[in-house]
Amino acid sequence: MVDDVPLKSAGDMVPCRRAAQLAADVLAMIEPHVVPGVSTEALDRLCHDYIVNVQGAIPANLGYMDYPKTILTSVNHVVCHGIPSAKQILKKGDIVNIDVAVNKDGWFGDTSRMFFVGEPSALARRLVETTYEALRAGTQQVRPGATLGDVGHAIQSVAHRERFSVVREYCGHGIGTIYHGEPQVLHYGQRGHGLTLEPGMVFTIEPMLNAGGRNTRELADGWTVVTQDRSLSAQWEHMVAVTADGYEVLTAWPGGTGAYAPI
């Protein structure tokens with residue numbers, strides 16, 4: 001334990017890695033279903049049934065702090081925590097983040113990624129690809145002796161280069177047998193500041209970038225967070241472990257990164 005951050009042993013990493021990969025598998029399964037005309041409720045049902053009936057795992061979001069669904073679906077100007085609905089039908093040009101978490105044998109896996117619904121606008125594509133690049137840049141800072149400030153600085157540097165803003169109200173988090181634990185992983189910061197990383201730490205990195213201003217607001221449902229100026233928002237999330245000589249992406253995509261640069 002370092003500054004309230006648990007260090008996972010090699011034995012711990014076995015179920016931790018398994019839960020993370022199950023979460024990644026859900027996103028791989030749902031990808032071909034993210035098409036124009038589908039409701040976010042239908043995507044939620046598919047993910048729920050896959051987690052329960054195929055993976056033999058527990059949908060970690062369902063019932064968490066009274067959240068009513070299995071996945072979170074954040075479309076266009078929704079920053080995070082969008083609730084799937086039968087009334088929300090995806091259309092050509094939409095961008096959507098799907099966030100999934102599973103619990104397998106008491107261990108949590110948590111990851112999210114962006115999907116294009118048909119062909120996006122040039123701005124939407126640049127935002128989504130830049131947010132992935134920011135996740136990649138932040139992750140590549142992870143190694144023993146680095147700091148969380150190094151991670152945040154790398155993320156904000158990529159965002160600001162493209163004149164996008166970084167959401168500050170929400171951050172990454174420690175994860176393992178606790179869904180949301182220490183450390184808090186900010187997506188902005190100064191090099192050399194913050195927690196010093198050590199082998200055995202596991203946390204999520206999940207930057208949210210807005211095409212407009214960074215300010216957000218929560219809707220009356222108590223969950224959905226949108227950009228205050230209704231500009232587009234994008235997010236990617238991976239679980240990352242600090243290893244003896246660098247990092248391991250625990251939620252690596254089963255089919256590889258495709259057109260995206262490997263992390």
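When reading the values below, keep in mind they use all heavy atoms of this one structure, side chains included, and skip hydrogens, waters and symmetry mates.
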With a cut-off of 6.0 Å (strictly less than), are more than 12 heavy atoms of other residues, nucleotides or ligands near [atom1] of [X]?
X	atom1	value
Leu123	CG	yes
Arg217	CZ	no
Arg230	CZ	no

Test salt bridge (Lys or Arg N to Asp or Glu O under 4.0 Å) on Glu162 and Arg126; report intermediate values, then the result. CA-CA 9 Å; Glu162 298 298 320; Arg126 185 165 67 89; 2.9 Å; yes

Measuring centre to centre across the rings, with the benzene-like ring taken for any Trp, is Tyr64 within less than 6.0 Å of His180? yes

Can we call the ring centroids of Trp107 and Tyr179 under 6.0 Å apart? no

Give the C-alpha distance, both sets of side-chain angles, the deciding distance and a yes or no for salt bridge (Lys or Arg N to Asp or Glu O under 4.0 Å) between Lys87 and Glu41. CA-CA 8 Å; Lys87 296 180 180 179; Glu41 169 72 21; over 6 Å; no

Residue from Val167, Leu232, Val79, Val78 passing side chain to side chain contact (heavy atoms under 4.5 Å, CB included) with Thr227: Val79

From the list Val242, Leu197, Thr139, side chain to side chain contact (heavy atoms under 4.5 Å, CB included) partner of Tyr247 resolves to Thr139

Worked verdict on Phe116 versus Val34 for side-chain contact (heavy atoms from CB on, under 4.5 Å): CA-CA 8 Å; Phe116 295 128; Val34 184; over 6 Å; no

Quick one: does Asn97's side chain get under 4.5 Å of Gln235's, heavy atoms only? yes

Are any of the side-chain heavy atoms of Thr130 and Phe164 separated by less than 4.5 Å? yes

Exercise: do [X] and [Y] side chains pair donor with acceptor under 3.5 Å:
X	Y	result
His173	Asp110	yes
Gln88	Thr40	yes
His81	Thr224	no

Run Leu90 and Val75 through side-chain contact (heavy atoms from CB on, under 4.5 Å) and show every step you take. CA-CA 8 Å; Leu90 298 181; Val75 182; 3.9 Å; yes

Could you walk me through whether Val96 and Met114 satisfy the side-chain contact (heavy atoms from CB on, under 4.5 Å) test, starting with their C-alpha distance in whole Å, then the side-chain angles of each, then the deciding distance to 0.1 Å, before giving a yes or no? CA-CA 6 Å; Val96 56; Met114 296 299 298; 5.8 Å; no

Step by step, work out the side-chain contact (heavy atoms from CB on, under 4.5 Å) result for Leu135 and His238. CA-CA 8 Å; Leu135 168 68; His238 270 313; 3.8 Å; yes

Where is the tightest heavy-atom contact between Val166 and Ala159, given as atom of each residue plus distance? CG2-CB, 3.7 Å

Note: Tyr170 and His187 closest approach over all heavy atoms is O-ND1, 3.8 Å

Apply salt bridge (Lys or Arg N to Asp or Glu O under 4.0 Å) to residues Arg136 and Glu129 and explain how you reach the verdict. CA-CA 11 Å; Arg136 184 171 182 263; Glu129 292 179 349; over 6 Å; no

